[in-house]
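See structure below.
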Number of protein chains: 2
Amino acid sequence: MALRYALLAALHEEPATGYDLNQRFGRRQGFVWSASHQQIYRELGRLHEEGLLSMEAEPQAERPDRKRYAVTPAGEAALRDWLATPQPRPATRDPLLVKLFAGDLVDDEALRGELATLRRAWEERLAAYREVEATWFSDPETLSRHYRLQYLALRRGITAGQAWLHWLDEAEALLQDA
Amino acid sequence: MALRYALLAALHEEPATGYDLNQRFGRRQGFVWSASHQQIYRELGRLHEEGLLSMEAEPQAERPDRKRYAVTPAGEAALRDWLATPQPRPATRDPLLVKLFAGDLVDDEALRGELATLRRAWEERLAAYREVEATWFSDPETLSRHYRLQYLALRRGITAGQAWLHWLDEAEALLQDA
DNA sequence: CCTTACATGTAACAAGTTACATGATTAG
DNA sequence: CTAATCATGTAACTTGTTACATGTAAGG
């Protein structure tokens with residue numbers, strides 16, 4: 001049920017098309033909430049049907065119409081309600097941990113390879129996050145509340161990444177002489 | 001597709017009933033892979049149909065039969081194959097981050113409350129993990145490879161928890177004077 | 001008296017994934 | 001010649017959630 005609120009939140013910041021949202025949910029917002037384009041289009045359709053979004057179609061020559069969505073007052077109210085309701089924590093479901101748990105059946109080379117890939121992925125992500133941090137949030141104290149909260153979302157990404165890298169150090173050390 | 005391998009891994013360690021597995025997947029293994037009892041029973045049925053699990057029903061008076069499952073050679077082969085295949089990282093989908101992203105629409109009290117709840121939850125979890133660590137893994141260097149890997153899964157839980165608490169400190173400080 | 005443990009399941013639904021479809025334009 | 005960008009969608013499938021069902025016995 002949270003995808004719809006992620007969409008409402010994104011559209012509250014700025015009206016957009018499904019296409020735009022799909023870009024964002026793959027990149028900037030991917031670390032907050034990821035979704036495929038099919039999910040996005042489907043959910044936008046529903047939100048519009050329910051009157052939480054308004055839609056304006058811009059006809060285009062030789063292409064499907066661009067449909068620009070914006071949050072209606074009803075949509076904003078729904079979002080506010082949801083924001084005020086405590087959400088249960090998402091369950092952990094990590095295939096890597098399943099592999100570790102399977103223990104002795106795991107091939108050593110394959111495991112090391114997967115850890116190495118994970119390290120590279122997090123190093124890249126962290127670098128990207130840090131660049132955003134340096135460019136937009138260099139002086140957090142002076143930010144408005146709105147941007148402080150967004151900064152905190154980014155900080156969550158950063159601290160999570162650091163924790164993974166730290167764990168990877170431990171893992172590689174402990175596998176060294178296993 | 002990973003639930004089935006989580007089940008195979010658990011049953012490879014020790015044959016069990018659906019009921020047993022449901023206990024485990026709520027507790028010890030909940031931080032590795034969580035699942036509801038309905039998912040577990042459904043998947044066990046499928047795995048048995050496909051010949052990856054053997055099943056022995058123990059009739060009980062006045063109660064449904066206990067069905068004890070064990071991994072067949074075909075099941076172990078399937079598990080090994082899966083373990084050797086790199087798995088994509090699970091997508092991030094955290095409603096709390098969606099809330100932070102929505103920024104100024106979030107009520108301050110509600111947000112602080114949710115952070116406080118999160119802190120308590122992680123403190124409890126961390127305490128539990130640390131007890132497991134102290135009891136079973138006090139001397140990691142001497143562990144067999146099998147238990148080292150399980151220890152690493154636990155360490156992942158611990159380092160993740162520490163990162164959350166660290167982030168919560170940051171969050172509370174930054175919200176102090178917003 | 002009410003809840004929890006025991007032990008399994010059916011049914012219906014919501015959420016998320018994968019494959020396929022259209023069709024022009026631009027960049028390598 | 002191939003792939004990517006633009007812009008939306010349908011259809012079929014898998015995974016995960018929620019509600020409901022059964023029926024005894026023990027513990028607070």
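On a predicted model such as this, the values are computed, not experimentally measured, just so you know. We name chains A, B, ... by the order of the sequence lines, and we start the count at 1 in each one.
With respect to the salt-bridge test (charged N to carboxylate O, under 4.0 angstrom), the residues A:E56 and A:R66 do not qualify.
A donor-acceptor pair is defined here as one N or O able to donate and one able to accept, closer than 3.5 Å; no such pair exists between the side chain of B:R112 and the backbone of B:E172. Here the side chain of B:R148 pairs a donor or acceptor atom with the backbone of A:L174 at under 3.5 angstrom.
Atom CD of B:E49 is surrounded by 12 or fewer heavy atoms from other residues, nucleotides or ligands within 6.0 Å. The 12-atom threshold is not exceeded at OH of B:Y147, counting heavy atoms of other residues, nucleotides or ligands nearer than 6.0 Å. Around CD of A:E131, the count of heavy atoms belonging to other residues, nucleotides or ligands within 6.0 Å does not exceed 12.
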Worksheet item: How does each nucleotide of nucleotides 9-20 of chain D score, in 5' to 3' order, for protein heavy atoms under 4.0 Å: base (B), sugar-phosphate only (S), or none (-)?
Response: BB----SBBBB-

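The stretch residues 4-23 of chain B touches DNA chain C through B:T17, B:G18, B:Y19, B:Q23, each having a heavy atom under 4.0 angstrom from the strand.
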Practice prompt. Check the pair B:E43 / B:Q38 against side-chain hydrogen bond (donor to acceptor under 3.5 Å, both in side chains), numbers first and verdict last.
Written response: CA-CA 8 Å; B:E43 198 62 37; B:Q38 296 83 348; over 6 Å; no

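In this structure, B:D65 places its CG atom 19 Å from P of D:dT22, rounding to the nearest Å. Here C:dA7 presents its C1' atom at 13 Å from CG of B:L44, a figure rounded to the nearest Å.
Because its NZ or CZ atom is both nearer than 6.0 Å to the ring centre of A:W164 and within 45° of the ring axis, B:R156 counts as a cation-pi partner of that residue.
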